[in-house]
Amino acid sequence: MSRLDRWFEGMTRQSARRLSRRHWLSRFGGVLVGGAALPLLPVARAADENMVGADGVRGREGDPARCEYWRHCAIDGFLCSCCGGSHLACPPGTEMSPVTWIGTCRNPADGKDYIISYNDCCGRTFCGRCMCNRNEGERPLYHWYRNNDLNWCSGTKSQTYSCSTAVLVKVADEAQPEK
Amino acid sequence: MSRLDRWFEGMTRQSARRLSRRHWLSRFGGVLVGGAALPLLPVARAADENMVGADGVRGREGDPARCEYWRHCAIDGFLCSCCGGSHLACPPGTEMSPVTWIGTCRNPADGKDYIISYNDCCGRTFCGRCMCNRNEGERPLYHWYRNNDLNWCSGTKSQTYSCSTAVLVKVADEAQPEK
Amino acid sequence: MLPAGPHFGYHPIMFSRATLLAAVGFAACLCSVALGARAELPPEQVGQVARLPDAAGNHWVWVPDRVLRHSILLDGDSGRMLGAIDSGVQITPKPPIWSRARNEIYSVDTIYTRGHRGTRQDFAVIYDSRTLDFKAEIEVAPKAADTSTGIALVGLLDGDRFLAVMNHSPGASVSIVDIEARRATAEVQTAGCAAVFPAGPTRFGMLCGDGTAMTVHLKNTGELDRIARSQRFFDVVKDPVTEKGVRDGATWWFASFEGLLHEVDFSTDAPSPKPPWPLFTDDEIEDGWRIGGAQHLAYHRGTKRLYSIVHRGGPGSHKDPGTEIWVYDISSRTKIDTFDAPNLIAAFLGPQAGFDATGTMGKILSFVLPNMGVHSIAVTQDDSPLLFVRHADLGAVGVLDAMTGEHLREIGDTGLSGALLVVP
Amino acid sequence: MLPAGPHFGYHPIMFSRATLLAAVGFAACLCSVALGARAELPPEQVGQVARLPDAAGNHWVWVPDRVLRHSILLDGDSGRMLGAIDSGVQITPKPPIWSRARNEIYSVDTIYTRGHRGTRQDFAVIYDSRTLDFKAEIEVAPKAADTSTGIALVGLLDGDRFLAVMNHSPGASVSIVDIEARRATAEVQTAGCAAVFPAGPTRFGMLCGDGTAMTVHLKNTGELDRIARSQRFFDVVKDPVTEKGVRDGATWWFASFEGLLHEVDFSTDAPSPKPPWPLFTDDEIEDGWRIGGAQHLAYHRGTKRLYSIVHRGGPGSHKDPGTEIWVYDISSRTKIDTFDAPNLIAAFLGPQAGFDATGTMGKILSFVLPNMGVHSIAVTQDDSPLLFVRHADLGAVGVLDAMTGEHLREIGDTGLSGALLVVP
């Protein structure tokens, strides 16, 4: 098999693995978040050059605009960092939902587990960028606050879903209870 | 270069040529219309087996569910034949627009030029299948009845666009005047 | 709307292969005559609109799409699209529900008075199932739950009179709609429980966050009669059951993350769970086999066959697609077959890249590109059932013989994104 | 809405590279301290919402999407998305129009009162350009024209007071909206003419089906003053001009299918067309070079440079994308440069397939996969202008140095489908 074959197959294999972890709308999202745009950004460069990014975490796990960001362990949606906001702020013109689901994610920099609140940004239609779905400790619909399938735009003026944030609430008393 | 390379490159080259002729929404349309579904249909089989299809035309040029169908020489939209209708009938639940743009297409079976009326089917959102765009004799916006960019859902209850038909009006007095 | 004309071959009423073949033959001879005579093709009638047959086909399936905001109806035999029902503005359209008794289709839609702005309103919208024309709308509480799967959020109870709509605002409740009276009759408070599992003309089940199940009993008026809870039968933290259950009468089956199949009988006052049994042997668990996907279970009542999408993965992989579908006989509680999920990449790329997915290029791609597996399955309930499969991110639907697992066909160009497959 | 917090680095106000670098440095040192002290990360504030800078950036561009039904705003320097404005239900969103004078954004939307059903209503919607919050809506005649490009359908006249909206129902007319008074002031009958080409505070041009141009003059009240027609200057059948014109003051340029550039001066009472000049030499025409695409022309006022997407093709290829962009000096009427359109396939596939489009895999794909070319271009009007390019079916935007043609970057993951690129 020629090198091109291997390149091509490698690409598709990798892509398939990624895709298999992707979720709804990821057709125009992407697991290695942000695609062509991000490498131009200092933060992404930080990742590539293995510099220390947000929260003092090295590489992609420290980059809030990538699916691998350590806080994204139970997220499902478009990353607001790619939509005009950040992992802490909604894009202009949207409203952050006061209620949401949570995850318990370990910060590789300090080895501590933190409660992460994935508040949705609401009032505009799908951002459509940087789709990311991870389900560590995610639970079915009846276990509301651990479920990431739900449209959590509740208690907002509009319930249209645009993107999701990853806000640090506090240190977790215990590691992710749900396996 | 291995055979796989050539296949792959051939595929993408071909695809690129096709894509370059495609128009809006063709991301989920397709120039070889209908994709995997059609070859299971007698009409499509007719095409593959080079049997005579509609209007007595052989192969794909005789298949109303393919972009190559001879009547589609100036169409732009989803083919109703792939959406629950046909080249003459709108899908259930939609309404055919009484006004429309026209094309002048040559029937390869009898060598005659016919006026084709591409009435839009309206009242449902994008069908999303069998996108097809050809612009033989197509003209800019100010030349209304020869323009296929316009949403021609006018004089219908709703102006949401679903798909387009290709109804034969009459023999043309002259060949396509617009080049 | 004008009635459908006499046109052959493409008329949805005539989607049977036989008729189509006849049609083609007819067209062919017509033309040869025409050609012989060198006659012009005759002018054609404008304004025709297709109709569906009076009765829904056995091999039809709804395919909802999150981005196109509609559900398309496909014929699994011909691979053709028959029509579509639009949805409102939400993450996932709630799939249309077919009432054979009333020849109606029900769709619960969330809309905003200004498109993406304005005031939210929710409606149970009623369509004629033969023309797909709008018939009526019933306003419901503007808080219908919206999820990325759309599974188990709306249920039409037996008898086709009462529609149960799950609410999340963020408090949980269920709205009851009387289809006959065309009005909402009740809002049942269901704190701590979720999803709607129809189990009779006036009852439906739910799953609860404390590891119990609940039965909601309605009066004949559609008002709440009473609520009854089961004992705790699963551990929400250690090994929860998914809400993607399958039904036979008043019995529902739910699979747990770790592969236990729980049977719950909703025919009694309170739900009575039966002891669960394992879908995987210790060796299979050792090898990492797990359930997973979106709509990962399907059930054929006639043969009591359970279909389950499986993959190899660890904790947190419960939404991953699977490349195998394991078939179980529910009565004997044994695995009886293993189906391979089709590789849908060629069917997905073909229409976009401009090649025939069933031709050489399709075969090459299916060989070169790894199988991404499927997230969802659905089985028809007739005697020669079809198994439909779908990957949430590929615009293609696979059609298998549900008895043999044979890959019958792939239907391409079926949209952009969505997890559900619903047999009318 | 809460004000944006003090958070660094991701705040849209701070999208300059310098600030971002500073931000990263800041974050880095903060953390090393934190790590040194082994302190926990502090709780963070919920409810922050980003704002845009008070003034629009020179290198921003709107990218409308037909399927997602919104237009996203991109920063061509950082490649970041800054925000989005939703549209209504139509084939193509009409691109948002920016008023620097009023710090407002205007979007003409078509909606239906029940989402995809109900009564049609059209609105000129007003947003605050710093918060992107909804401010007001002005109802207009429910017949705004809708096309697959969205080009030249709405125009904000100089002075930012009057908005002209092209109607098609199917009769042609133009609705005039007074943004100051927040009301529609007139509907001008424009039978036989189409598109809106602003040419002053109270005038705009149109192109007509008889090969003429027309100027619509308004009174200061926004009512129709008079209409004036030019003589016939192009042949609609033999060699029509496209409606994708470019502007400098009261002058508009239009290219014909066969490659003649027509200049029309709308500063006089009636439009005065100048003699056209050829964009192609006989040899180039011999080689099959033609104009083509969707938004196939762009113009930089400061340097009087005209950018034109070209391809090799025949009649009927006037909507085909091109792999080359030819640069002309309008004053000397000479071709001065040739830019290669970037191959956007890697930038488009990268985010979907999970590889870094700027890495090895991206380079391989760009090499292996043929360049599909671009349908649309737009140039910024500052002194170091950027040229944005787009293929209608690839979710990626290319950014070129408009002076040198250097490929600066490709922005991926920018949507699904659309032909327009609009510099605010």
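The model shown is predicted, which means the values in this text are computed figures rather than measured ones. Here is how names work: the chains are called A, B, and so on, in the same order as the sequence lines, proteins then strands, and each is numbered from 1.
For the pair A/Pro140/C/Pro240, a side-chain contact is recorded, criterion being any heavy-atom separation below 4.5 Å from C-beta on. With contacts defined as side-chain heavy-atom distances shorter than 4.5 Å, the pair C/His116/A/Arg124 does not qualify. Between A/Leu150 and C/His168 the shortest side-chain heavy-atom distance falls below 4.5 Å. Between A/Thr160 and C/Gln90 there is no side-chain heavy-atom pair separated by less than 4.5 Å. Side chains of A/Asn151 and C/Thr92 form no contact here, defined as non-hydrogen atoms less than 4.5 Å apart.
Using a 4.5 Å cut-off between heavy atoms, C/Met166 touches chain A through its side chain atoms alone. With a threshold of 4.5 angstrom between heavy atoms, C/Lys244 approaches chain A through side-chain atoms but not through N, CA, C or O.
In this structure a side-chain-to-backbone donor-acceptor pair under 3.5 Å is missing from A/Glu136 to C/Gly316. Formation of a donor-acceptor pair under 3.5 Å by the C/Arg120 side chain with backbone atoms of A/Ser158 is not found in this model.
Rounding to the nearest 0.5 angstrom, the gap separating the OG1 atom in C/Thr242 from the CZ atom in A/Arg139 is 11.5 Å. Atoms OG1 and NZ, on C/Thr119 and A/Lys157 in that order, are 12.5 Å from each other to the nearest 0.5 Å. Distance OG1/C/Thr149 to CG/A/Leu141: 7.5 Å, rounded to 0.5 Å. Annotation: the span from A/Phe126 atom CZ to C/Ser417 atom OG amounts to 8.0 Å, rounded to 0.5 Å. Taking CD1 of C/Ile91 as the start and CG of A/Asp120 as the end, the distance is 7.0 Å to the nearest 0.5 Å. C/Lys319 NZ to A/Asn135 CG: the interatomic distance, rounded to the nearest 0.5 Å, is 4.5 Å.
Counting heavy-atom pairs closer than 4.5 Å to chain C, the top residue among A/Val99, A/Asn147, A/Thr125 is A/Thr125. Across C/Cys208, C/Gly118, C/Ala172, C/Ala152, the residue that shares the most heavy-atom pairs under 4.5 angstrom with chain A is C/Cys208.
Under the ring pair (Phe, Tyr, Trp, His ring centres under 6.0 Å) criterion, A/Tyr142 pairs with C/Phe234, sequence neighbours left out.
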